[in-house]
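Worksheet: one structure, shown below.
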Amino acid sequence: MDISDKLSFYKSSSGNETHQPSAVSSSLKTLADHFNGKIVYPHAPYLKIVREESLGDSLQDAVTLKLLSRNEINEPLALDGILFFDLETTGLAGGAGTYAFLLGFGRIAGNRIIVEQYFLPDYGREYHLFEQLNLQFNEFSCLVSYNGKSYDYPLLRSRFLLNRQKFKLEDIFHVDLLHIARRLWKDSLPSCDLKSIETEILGVNREGDIPGAYIPQAYFNFIRTGIVHEVIRIVNHNYTDITSLARMLLYFSQIENNPLTAVHHGIQARLAKLAYEAEDYTLLQKLAGNIGPDSPAIPEVKKMLSLFCKRSRNWPEALSLWNELVNSASHRFFALEELAKYYEHIEADYKEAIKYTSRALSIIRALEEIQYDANTFFYKESFQYRYQRLVQKSA
DNA sequence: ATCCCTTGTGGTGGATTGTT
DNA sequence: AACAATCCACCACAAGGGAT
């Protein structure tokens with residue numbers, strides 16, 4: 001923003017609420033007409049837009065996220081108590097200077113999502129809106145956002161504070177879907193931003209979407225010119241953000257209830273890790289037994305299952321898994337090491353332990369002639385050390 | 001009894017990433 | 001540019017077996 005932008009920006013927000021620049025006033029009417037919205041007239045007018053759409057045929061009353069939240073969310077979440085929210089702002093610098101000019105909130109009723117959006121056409125329009133919002137905030141027991149824990153939520157709270165208003169969402173439970181998404185797709189998607197999850201997983205298509213990075217400039221342009229075209233794109237962008245939040249939450253719940261439905265997105269390995277951490281033996285077994293034999297995640301799933309068996313001293317099953325993994329190119333060193341550990345420390349059968357150790361060493365030697373990578377080197381040192389110790393011990 | 005070695009586990013600092 | 005959550009590499013420590 002150059003200096004002339006700044007001047008006109010602050011001029012138009014000079015606090016004289018009864019004397020609006022005519023461009024803004026008629027623009028607000030244009031916007032209201034376009035979205036069939038309603039202009040709310042306290043001292044400082046703002047625009048309220050309500051839209052809704054279907055989320056599917058048969059929605060349940062509640063969602064479960066025990067596994068995906070790592071036991072953070074133990075109780076089922078009632079869908080009608082969830083408030084989805086997303087802000088569009090004048091910038092990324094989360095401090096007091098950032099203004100949220102579009103506030104979007106979604107709630108689920110029946111199988112539909114109802115989105116209420118509040119567009120503030122200028123500075124100094126928050127007080128009355130925040131009063132109204134606080135009246136509704138009481139109805140919700142849970143907040144859902146995307147990266148909202150670091151961005152939207154602290155920003156919204158500081159805006160309420162700056163307006164000397166109590167923030168009625170202060171102690172509400174907050175689910176940030178970004179972190180669940182990252183746990184699932186960190187390895188299989190190049191990016192876990194909301195747009196990637198939409199296109200790759202949810203099948204959401206954004207037509208004519210405005211890039212997030214352009215939103216602050218577009219809002220400044222509107223304040224300067226009163227042209228509504230880009231504001232319309234921002235409102236649509238925000239609407240899609242919120243409906244996608246709801247779709248993603250439902251998708252996560254579906255994975256939670258039936259993890260095998262998620263096989264086609266290459267996240268079995270991640271699910272197996274979460275199941276291992278949650279000590280969910282049933283899920284680990286289901287994953288190992290039911291994902292296709294050609295799935296590239298099979299070795300990793302077996303590895304996690306074998307570690308679970310090891311921790312619970314289920315040696316027969318652990319042994320059988322390790323013996324299968326010996327044939328896996330990616331996991332044979334892991335398997336051979338575990339077998340060597342088992343025979344050394346559990347069975348005290350040093351000869352058998354040496355057998356697996358030297359088998360690993362001979363594979364490493366063969367590999368070294370083809371290629372030489374850090375992983376092989378790491379295993380080489382450790383197996384050599386193990387071999388020497390075992391030879392001494394058995395002597 | 002005491003020491004040494006190996007393994008598993010819990011804690012910590014640094015890097016990464018998404019939000020407008 | 002602010003910051004929450006996560007991951008990963010690393011470290012310290014406890015437990016247990018074997019050797020002296």
Side-chain angles (χ1 to χ4, degrees), chain A residues 1 68-70 72-73 85-104 120 143-159 174-187 189-198 209-222 230-231 233-235 237-238 240-242 244-245 248 269-270 273-274 276-277 279 307-308 310-313 318 337-350 353 357 374-375 378 382-383 385-390 392-395:
Chain A
M1 186 164 67
L68 294 180
S69 74
R70 288 182 157 155
E72 189 199 347
I73 306 165
F85 89 112
D86 183 56
L87 308 177
E88 311 305 324
T89 74
T90 56
L92 217 46
T98 306
Y99 185 65
F101 64 86
L102 179 62
L103 302 87
L120 310 182
L143 220 46
V144 170
S145 67
Y146 207 73
N147 201 27
K149 279 191 176 174
S150 351
Y151 187 72
D152 304 73
Y153 183 87
L155 181 63
L156 189 61
R157 186 176 52 192
S158 67
R159 292 315 302 182
H174 188 169
V175 183
D176 191 332
L177 298 182
L178 165 67
H179 305 295
I180 298 179
R182 271 220 273 257
R183 280 202 290 268
L184 282 181
W185 293 298
K186 187 180 186 297
D187 297 331
L189 289 182
S191 164
C192 286
D193 63 11
L194 182 58
K195 210 170 172 178
S196 301
I197 307 297
E198 282 177 352
D209 186 47
I210 183 169
Y214 183 60
I215 286 174
Q217 188 59 55
Y219 181 62
F220 294 138
N221 290 347
F222 163 78
E230 285 174 331
V231 174
R233 294 175 73 199
I234 297 173
V235 171
H237 172 96
N238 178 258
T240 311
D241 278 353
I242 290 174
S244 288
L245 284 181
M248 203 188 305
R270 280 275 152 183
K273 200 170 177 181
L274 289 173
Y276 170 73
E277 285 168 10
E279 301 187 35
L307 287 175
F308 179 90
K310 179 187 183 182
R311 200 163 61 180
S312 51
R313 305 252 183 277
E337 187 174 37
E338 290 300 328
L339 285 162
K341 281 182 189 173
Y342 170 78
Y343 283 108
E344 179 184 354
H345 298 289
I346 306 298
E347 293 285 334
D349 182 343
Y350 303 138
T357 309
N375 191 43
F378 168 79
S382 128
F383 274 117
Y385 190 68
R386 185 179 303 279
Y387 181 80
Q388 282 169 5
R389 185 181 69 241
L390 284 165
Q392 270 188 341
K393 238 173 159 177
S394 67

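Values reported hereafter were calculated over all heavy atoms of this structure, with side chains retained and with hydrogens, waters and symmetry mates removed. Chain identifiers are assigned alphabetically (A, B, ...) following the order of the sequence lines, protein sequences preceding nucleic acid strands; residue numbering begins at 1 within each chain.
Atom CD in A:Glu279 sits about 13 Å away from atom C1' in B:dT9, given to the nearest Å. Residue A:Arg157 contributes atom CZ, which lies 9 Å from atom P of C:dA4 at whole-angstrom precision. Remark: P of B:dT7 and OH of A:Tyr343 are 16 Å apart, rounded to the nearest angstrom. Rounded to whole Å, atom C1' of C:dA5 lies 10 Å from atom CD of A:Glu72. In this structure, CD of A:Gln388 is placed 17 Å from C1' of B:dC4, rounded to the nearest angstrom. Whole-Å rounding puts the A:Arg159 CZ to C:dA2 C1' distance at 16 Å. Look at CZ on A:Arg311: it is 10 Å from C1' on B:dG8, rounded to the nearest Å. If you take CG of A:Leu177 and C1' of C:dT6, they are 16 Å apart, rounded to a whole angstrom.
Distance OH/A:Tyr146 to CG/A:Leu177: 7.5 Å, rounded to 0.5 Å. Expressed to the nearest 0.5 Å, how far CG of A:Asn238 lies from CD1 of A:Ile215 amounts to 8.0 Å.
The shortest side-chain heavy-atom distance between A:Leu103 and A:Phe85 does not fall under the 4.5 Å cut-off. Annotation: side chain of A:Glu88 is in contact with side chain of A:Asp241 (closest heavy-atom distance under 4.5 Å).
Looking at A:Glu230 and A:Tyr214, their side chains do bring a donor and an acceptor atom within 3.5 Å of each other. Side-chain atoms of A:Thr89 and A:Tyr151 form a donor-acceptor pair, as typed in the model, at a separation below 3.5 Å.
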Notebook entry, point to check: Can you give one letter per nucleotide of nucleotides 15-20 of chain B, going 5' to 3': B for a protein heavy atom under 4.0 Å from the base, S for sugar-phosphate only, - for none?
Noted result: --BBBB
Checklist line | Protein proximity profile, nucleotides 8-20 of chain C - base contact B, sugar-phosphate-only contact S, no contact -, cut-off 4.0 Å on heavy atoms | finding: S------------
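In terms of phosphate contacts, A:Arg389 brings no side-chain nitrogen or oxygen within less than 4.0 Å of OP1 or OP2 of B:dC5.
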Note to self: Using side-chain contact (heavy atoms from CB on, under 4.5 Å), reason through A:Arg311 and A:Tyr276 one step at a time and then give a plain yes or no.
What the structure shows: CA-CA 10 Å; A:Arg311 200 163 61 180; A:Tyr276 170 73; 3.5 Å; yes
Next item on the list: Check the pair A:Glu337 / A:Arg386 against side-chain contact (heavy atoms from CB on, under 4.5 Å), numbers first and verdict last.
Entry: CA-CA 9 Å; A:Glu337 187 174 37; A:Arg386 185 179 303 279; 3.4 Å; yes
Next item on the list: Could you please spell out the steps behind the side-chain contact (heavy atoms from CB on, under 4.5 Å) verdict for A:Lys195 and A:Asp209?
Entry: CA-CA 10 Å; A:Lys195 210 170 172 178; A:Asp209 186 47; 4.0 Å; yes
Next item on the list: Evaluate the side-chain contact (heavy atoms from CB on, under 4.5 Å) criterion for residues A:Met248 and A:Glu198: first the C-alpha distance (whole Å), next the side-chain angles of each, then the deciding distance (0.1 Å), finally the verdict.
Entry: CA-CA 8 Å; A:Met248 203 188 305; A:Glu198 282 177 352; 5.9 Å; no
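At a threshold of 4.0 angstrom between heavy atoms, the contacts of A:Tyr385 are confined to the sugar-phosphate backbone, with no base atom among them.
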Next item on the list: Give the dot-bracket string for DNA chain C, reading 5' to 3', where a pair is Watson-Crick or G-U wobble with both distances under 3.5 Å, ( ) marks pairs inside the strand, [ ] marks pairs crossing earlier ones, | marks a partner on another strand, and . marks unpaired.
Entry: .|||||||||||||||||||
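Listed for the A:Lys310 side chain is no donor-acceptor partner under 3.5 Å among the backbone atoms of A:Ala318.
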